[in-house]
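Shown next, in structure tokens, is the structure this report addresses.
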Amino acid sequence: MVGFQIVDVPFNLDGWGPPESTTTSTLNHHSNHVPYAPFSRSDKLGRIADWTRSNYNNPNRNNNRNSADSAFDFTIDDGLNPDDDSTFQLVDGKPPPRPKFGPKWRFNNNRNQLPQRRDEEVEARKREAEKQRARRDRVFHARGGQNQNPRREAAVLKSSVDIQPEWNMIDQIPFSTFSKLSYTVSEPEDLTTCGSVEYYDKSYDKTTPKSERRLERFKNRNFFKVTTTDDPVIRRLANEDKATVFATDSILSTLMCAPRSVYSWDIVVQRVGNKLFFDKREGSQLDLLSVNETSQEPLPEAKDDINSAHSLSVEAVYVNQNFSQQVLVRDGKKVGFEEGNPFAAEGEEVASVGYRYRRWKLDNDVSLVVRCEVQSIIEVNDKKSYMTVNALNEFDPKYSGVDWRKKLDTQRGAVLATELKNNANKMAKWTAQAILASADMMKLGYVTRVHPRDHFNHVILAVVGYKPKEFAGQINLNTSNMWGIVKAIVDLCMKLNEGKYVLVKDPQKPQVRIYEVPADAFENDYVEEPLPEDEQVQPPFENGEENGAANDDLIWNFSGTC
């Protein structure tokens, strides 16, 4: 066994390093095989020795006499040369190949996943979400939206009436309690009927988008939307003690369908002796038809925009009134009721409408009288049937995402489903009014603009008929629940003292509040100021007329108290 001899190491008493007196013979004791390469201070030092080099680990290293020296020889090591670009290597950033689907991948994919892989998937999801958000913003701005909030929940809705500080809040009822109510009433009886109606033109049932009809304008026919206490027939019935509660079908349907409402509304309640009157205040927009009320897409807030909520409501009333008169057989034949129109002056041309004053018995002490309306009549098997007529209006297919001209022929169910989603409250109220009037049929017309930016000219694309009770089942409208809401509100109001009250739907929360108001409320000091004339929505005009002309020929004018 060869021993290992330790050489003498000189010791420097004056400092660090070998002493200056070290002779060359002392250095000769060291191995002559240790290589030495001179270097400057700017050079980067590399490894001293690398025993993992391929030459040293080579099994045939016995045949290589210089294998030991190769551990110290870095002259052929390109890694020590920083200027050589060939030594530069890129880190592979591509994700590892995804294995085929199998039990191990399906159940253990998260367990064996590398952190780098998870980070890449998170970043990919973020990029995809950003693309979706950018796409929604482009679609929203292309539709001309002014509100930067993409959802209806973020929209700021205003109260339909200004709550005065002197009003005393009596109670507030959340809509969640309305859904649990149920009440069954007996069949109503007709106390009297007024007005006259014309026959329905069956040719409109064959209308299709390919054979569309232009919506006509009936400038000479007057429409009346008179409130409860201004109705002379209701006053007469009240004096005769025919009932204890009085209302109109539009007011009662608002209460019945309250849980479906989004916009704020208000109803005046007057307790006079043992009688209760449900009224609409002067200046109320209760008779205006909402458009896209229950839609998630917000409407422009500017009133001067033709697609704002107020402008669309006025347009909807105009379309609904003219459509209800156009689909009739105008040959002069009318079916008159017991009395004439109670709101029309002698010789005045009025719209085709019949009023049925009907009474329901809520309990042994409370009876309800409601003024119900029908717009037409039809003969089926030599039997006359009453009919209500209403129109759905399309203003811009981009808002709903369904183009009626393309979908009504092939996907009418999808069009109806979209309208039920965007106008759930309005269609439920129409159905409730048809049920209250005991109409045998309710006709729904699909009316759209000639051009999305032209809110003056419209065309009729289709007319569809439904039986009110069957349609109520399709839209999940429970008649027992409707009467349960009415019964609960009537019982609450009958416990109040004599005076004037107002029911207000909260603009932001699904609840209704009841306030006690002064007797002179909603008179001169409470009437909302009308918009300036230049800001009011102008009526439609015939082709060739200027926008400022024919202002006196309002088609949707309301006579009586609005």
Side-chain angles (χ1 to χ4, degrees), residues 145-179 227 250-269 278-305 307-317 399 421-429 485 488-489 492-493 500-517 521-522 525-531 535 537 562:
Q146 302 295 327
N147 187 5
Q148 297 300 323
N149 298 324
R151 296 189 63 83
R152 167 62 59 84
E153 290 82 1
V156 179
L157 303 178
K158 298 180 180 179
S159 177
S160 61
V161 62
D162 293 333
I163 307 299
Q164 302 299 320
E166 63 269 18
W167 293 2
N168 180 27
M169 189 179 73
I170 303 298
D171 198 0
Q172 59 182 9
I173 310 171
F175 285 166
S176 58
T177 61
F178 285 165
S179 60
T227 189
S250 62
I251 295 175
L252 199 65
S253 63
T254 301
L255 294 177
M256 289 179 164
C257 305
R260 301 187 182 217
S261 61
V262 176
Y263 295 154
S264 178
W265 46 264
D266 59 274
I267 296 175
V268 179
V269 181
F278 289 93
D279 274 310
K280 59 181 178 181
R281 61 180 175 83
E282 187 175 358
S284 173
Q285 298 184 358
L286 198 65
D287 288 317
L288 293 181
L289 300 177
S290 62
V291 179
N292 275 31
E293 178 180 358
T294 54
S295 172
Q296 295 297 325
E297 289 291 336
L299 297 174
E301 295 182 359
K303 281 192 174 182
D304 56 348
D305 194 308
N307 291 335
S308 66
H310 177 75
S311 300
L312 289 175
S313 295
V314 176
E315 180 184 355
V317 174
Y399 279 84
K421 181 185 69 173
N422 297 336
N423 298 282
N425 185 36
K426 177 172 67 175
M427 299 188 70
K429 290 170 63 175
I485 296 174
I489 294 178
L492 175 64
C493 295
K500 181 181 288 188
Y501 305 86
V502 60
L503 285 168
V504 182
K505 192 270 176 185
D506 191 285
Q508 299 294 336
K509 300 178 181 179
Q511 63 182 11
V512 62
R513 295 191 179 100
I514 181 169
Y515 295 89
E516 183 180 6
V517 299
F522 312 120
D525 295 338
Y526 289 89
V527 175
E528 296 180 358
E529 295 183 0
L531 292 173
E535 297 183 10
V537 179
C562 294

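No hydrogens, no waters, no symmetry mates; every other heavy atom, side chains included, goes into these values.
- Considering every non-hydrogen atom in both Ser264 and Ser160, the closest pair reads OG-N, 3.0 Å.
- The line from CD of Gln285 to CZ of Arg281 is 8.0 Å long, rounded to the nearest 0.5 Å.
- With hydrogens and angles disregarded, no donor-acceptor distance shorter than 3.5 Å links the side chain of Asp266 to the backbone of Leu503.
- A side-chain donor-acceptor contact under 3.5 Å links Ser311 to the backbone of Asp305.
- Side-chain atoms of Phe178 and Val512, non-hydrogen and from C-beta on, do get closer than 4.5 Å to each other.
- Of the possible polar contacts, one joining the Asp506 side chain to the Gln508 backbone as a donor-acceptor pair under 3.5 Å is found.
- You'll find the side chain of Ile173 reaches within 4.5 Å of the side chain of Leu492, heavy atoms only.
- Taking CZ of Arg513 as the reference point, atom CE of Met169 lies at 6.0 Å (rounded to 0.5 Å).
- Scanning both residues, Ala309 and Leu299, for their nearest heavy atoms gives CA-CD1, 4.0 Å.
- Using cut-offs of 30° and 60° on the angle between ring planes, the pair Trp167 and Tyr515 is tilted.
- In this structure, Ser308 contributes its side chain and Pro300 its backbone to no donor-acceptor pair below 3.5 Å.
- Remark: side-chain polar atoms of Glu293 are not paired, donor with acceptor, to backbone N or O of Ala424 under 3.5 angstrom.
- With rounding to the nearest 0.5 Å, the separation of CD1 in Ile251 from CH2 in Trp265 is 10.5 Å.
- Taking Arg260 as the reference, nothing meets the salt bridge (Lys or Arg N to Asp or Glu O under 4.0 Å) condition, with sequence neighbours excluded.
- A donor-acceptor pair is defined here as one N or O able to donate and one able to accept, closer than 3.5 Å; no such pair exists between the side chain of Lys429 and the backbone of Ser253.
- Between Ile514 atom CD1 and Ile267 atom CD1 the span is 11.0 Å, to the nearest 0.5 Å.
- Note that the OG1 atom of Thr227 and the CD atom of Glu282 stand 10.5 Å from one another [nearest 0.5 Å].
- Residue Gln511 holds its CD atom at 9.0 Å from NZ of Lys505, rounded to the nearest 0.5 Å.
- Although no hydrogens or angles enter the test, the distance criterion places no donor-acceptor pair under 3.5 Å between the side chain of Lys421 and the main chain of Thr294.
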Show, in sequence, the C-alpha distance, side-chain angles and deciding distance for Phe278 and Val269, and conclude whether the side-chain contact (heavy atoms from CB on, under 4.5 Å) test is met.
CA-CA 5 Å; Phe278 289 93; Val269 181; 3.8 Å; yes

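- Residues Pro507 and Lys158 have side chains not in contact (no heavy-atom distance under 4.5 Å, counting atoms from C-beta outward).
- Looking only at distances, a side-chain donor or acceptor of Thr254 sits under 3.5 Å from a matching main-chain atom of Ser250.
- Closest approach of Phe175 and Pro259 over heavy atoms only: CD1-CA, 3.8 Å.
- The heavy-atom pair separating Val291 from Tyr263 by the smallest distance is O-OH, 4.0 Å.
- In this structure, Ser295 contributes its side chain and Asn422 its backbone to no donor-acceptor pair below 3.5 Å.
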